[in-house]
Amino acid sequence: MAQGAVLANPRRVQWSLGGAVVGAASVGMAAPRVTVFPSARELGPALSRFVLAEAARAVGERGRFAVAVSGGSLVSLLAAALPEAGAREPEHPGAEWSRWILGFCDERLVPFESPDSTCGLYRKQLLSRISIPNNYVVAINPTLSVEEAADKYAERLRELFPGDNLPVFDLVILGIGPDGHTCSLFPDHPLLQEQIKIIAPISDSPKPPPKRITMTLPLLNAARCALFVVTGDSKAAVLKDILEGHHENPLPAARVRPVKGEVHWLIDEAAASKLTIKVDRPSL
Ligand SMILES: O=C1O[C@H](COP(=O)(O)O)[C@@H](O)[C@H](O)[C@H]1O
């Protein structure tokens with residue numbers, strides 16, 4: 001089977017992450033699938049194959065691919081692998097960029113020129129190299145107050161997902177911080193209890209900058225697929241806690257469990273060093 005090929009049965013998909021088929025998922029709340037790569041160098045190409053396979057499935061089923069991306073270390077990983085993968089396989093149905101809607105899982109309320117702006121970094125590093133129509137890149141308005149920016153962002157999402165009670169992203173790509181935060185959802189923060197808003201403002205982010213907007217857990221858990229990407233030994237301890245801990249008060253990243261979707265983790269050996277659960281290690 002070709003790398004990244006989508007199998008005929010649309011209810012069941014497999015991704016080839018480097019020769020061997022290692023990922024398989026079916027619709028429904030499945031246990032998280034964890035795939036480990038020697039380093040970020042091998043993880044990057046697998047990440048782009050995963051994203052393109054999800055995009056192909058979404059375009060085949062619904063004519064468009066709605067993906068939300070996180071900031072931080074993910075930006076350069078995606079930028080290093082995705083344009084190249086698209087250029088290598090221009091006929092890949094997932095690489096039809098005009099069918100993509102790109103949102104942000106969270107965003108910092110800073111000008112786009114700031115090195116802290118997630119959208120600004122994606123524009124510079126990724127969107128300059130793949131042609132997603134500008135009106136389908138759903139950016140915040142950083143000149144508004146954080147509350148208004150969150151409300152406007154939610155409004156724009158509602159427009160893009162008409163008729164959906166909750167916008168359903170095909171894929172949300174997430175990172176984690178060493179404290180277990182994901183998006184701008186931080187441990188023990190009241191936003192973890194948000195049930196009404198799909199996008200929330202936060203003005204007291206413990207990680208700077210303090211003002212941000214973030215997807216809430218109800219929106220994240222409405223997605224068809226959540227993909228976490230984690231590299232580096234600074235995340236090893238918290239990753240063990242997220243994947244193997246059983247807490248009454250789970251860390252934010254452990255609360256992402258799409259109701260009708262899948263959870264996948266693509267991680268490197270350094271991040272995986274403390275895990276004892278079963279993981280996949282594809283032969284590369
Ligand atoms: O502040 C943030 O941190 C997380 C993790 O970032 P990383 O650089 O440690 O990978 C990121 O996922 C989130 O989008 C960002 O706002």
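Sequential numbering from 1 along the given sequence is applied to the chain's residues. Note that ligands are numbered from 1 as they come in the structure, with each ligand's atoms numbered from 1 the same way.
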K.L.:
Please list the nearest protein heavy atom to atom 8 (O) of ligand 1 with its residue and the distance rounded to 0.1 Å.
P.N.:
Ser73 N, 2.9 Å
K.L.:
Between Gly103 and Tyr153, which heavy-atom pair has the shortest distance, and what is it?
P.N.:
CA-OH, 3.5 Å
K.L.:
Where does Ile176 meet ligand 1, judged by heavy-atom distances below 4.0 Å: at the side chain, the backbone, both, or neither?
P.N.:
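The backbone, only.
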K.L.:
Are any of the N/O atoms in Ser184 less than 3.5 Å from those in ligand 1?
P.N.:
no
K.L.:
Grouping I, L, V, M, F, W and Y whenever their side-chain heavy atoms are under 4.5 Å apart, do Leu160 and Leu220 come out in a common cluster?
P.N.:
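Leu160 clusters together with Leu220.
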K.L.:
Around atom 11 (C) of ligand 1, find the nearest protein heavy atom and jot down its residue, atom name and distance.
P.N.:
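Scanning the protein heavy atoms, the shortest distance from atom 11 (C) of ligand 1 goes to Gly71 O, 3.9 Å.
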K.L.:
Does Glu42 use its side chain to pair, donor to acceptor, with the backbone of Ser39 at less than 3.5 Å?
P.N.:
yes
K.L.:
What atoms of ligand 1 come closer than 4.0 angstrom to any heavy atom of Ser70?
P.N.:
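That gives atoms 12 (O), 14 (O) of ligand 1.
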K.L.:
With heavy atoms of Gly72 as the reference, note each atom of ligand 1 found under 4.0 Å away.
P.N.:
6 (O), 8 (O)
K.L.:
Just jot down the ligand 1 atoms closer than 4.0 angstrom to any heavy atom of Lys235, in number order.
P.N.:
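Selected atoms, number and element: 7 (P), 9 (O), 10 (O).
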K.L.:
May I ask you to identify the nearest protein heavy atom to atom 3 (O) of ligand 1, giving residue, atom name and distance to one decimal place in Å?
P.N.:
Lys207 NZ, 2.9 Å
K.L.:
What do you reckon, does Thr118 have a nitrogen or oxygen under 3.5 Å from a nitrogen or oxygen of ligand 1?
P.N.:
no
K.L.:
Does the Gln195 side chain pair with the main chain of Lys197, one donor and one acceptor, at a distance under 3.5 Å?
P.N.:
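Side chain of Gln195 to backbone of Lys197: no pair is present.
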K.L.:
Does Arg224 form a side-chain contact (heavy atoms from CB on, under 4.5 Å) with Glu54? I'd like the steps, not just the answer.
P.N.:
CA-CA 10 Å; Arg224 294 191 173 85; Glu54 282 297 291; 5.7 Å; no
K.L.:
May I ask whether Arg212 has any heavy atom positioned less than 4.0 angstrom from an atom of ligand 1?
P.N.:
yes
K.L.:
Could you tell me whether some N/O pair between Leu74 and ligand 1 is separated by less than 3.5 angstrom?
P.N.:
no
K.L.:
Give a yes or no on whether the backbone of Gly63 and the side-chain of Arg99 come within a donor-acceptor separation of less than 3.5 Å.
P.N.:
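At least one qualifying donor-acceptor pair exists.
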K.L.:
His181 heavy atoms, cut-off 4.0 Å: which ligand 1 atoms fall inside?
P.N.:
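That gives atoms 1 (O), 2 (C), 3 (O), 4 (C) of ligand 1.
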K.L.:
Around atom CZ of Phe112, are there more than 12 heavy atoms from other residues, nucleotides or ligands closer than 6.0 Å?
P.N.:
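More than 12 within 6.0 Å, yes.
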K.L.:
Could you please spell out the steps behind the side-chain contact (heavy atoms from CB on, under 4.5 Å) verdict for Trp100 and Val137?
P.N.:
CA-CA 9 Å; Trp100 282 43; Val137 176; over 6 Å; no
K.L.:
Using modelled atom types only, decide if a donor and an acceptor are shared between the side chain of Arg212 and the backbone of Lys207 within a distance under 3.5 Å.
P.N.:
yes
K.L.:
For atom 16 (O) of ligand 1, what is the nearest protein heavy atom, given as residue, atom name and distance?
P.N.:
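It is Asp106 OD2, 2.6 Å.
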K.L.:
Would you mind checking which non-hydrogen protein atom is closest to atom 15 (C) of ligand 1, with the distance to 0.1 Å?
P.N.:
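Answer, as residue, atom name and distance: Arg108 NH2, 3.4 Å.
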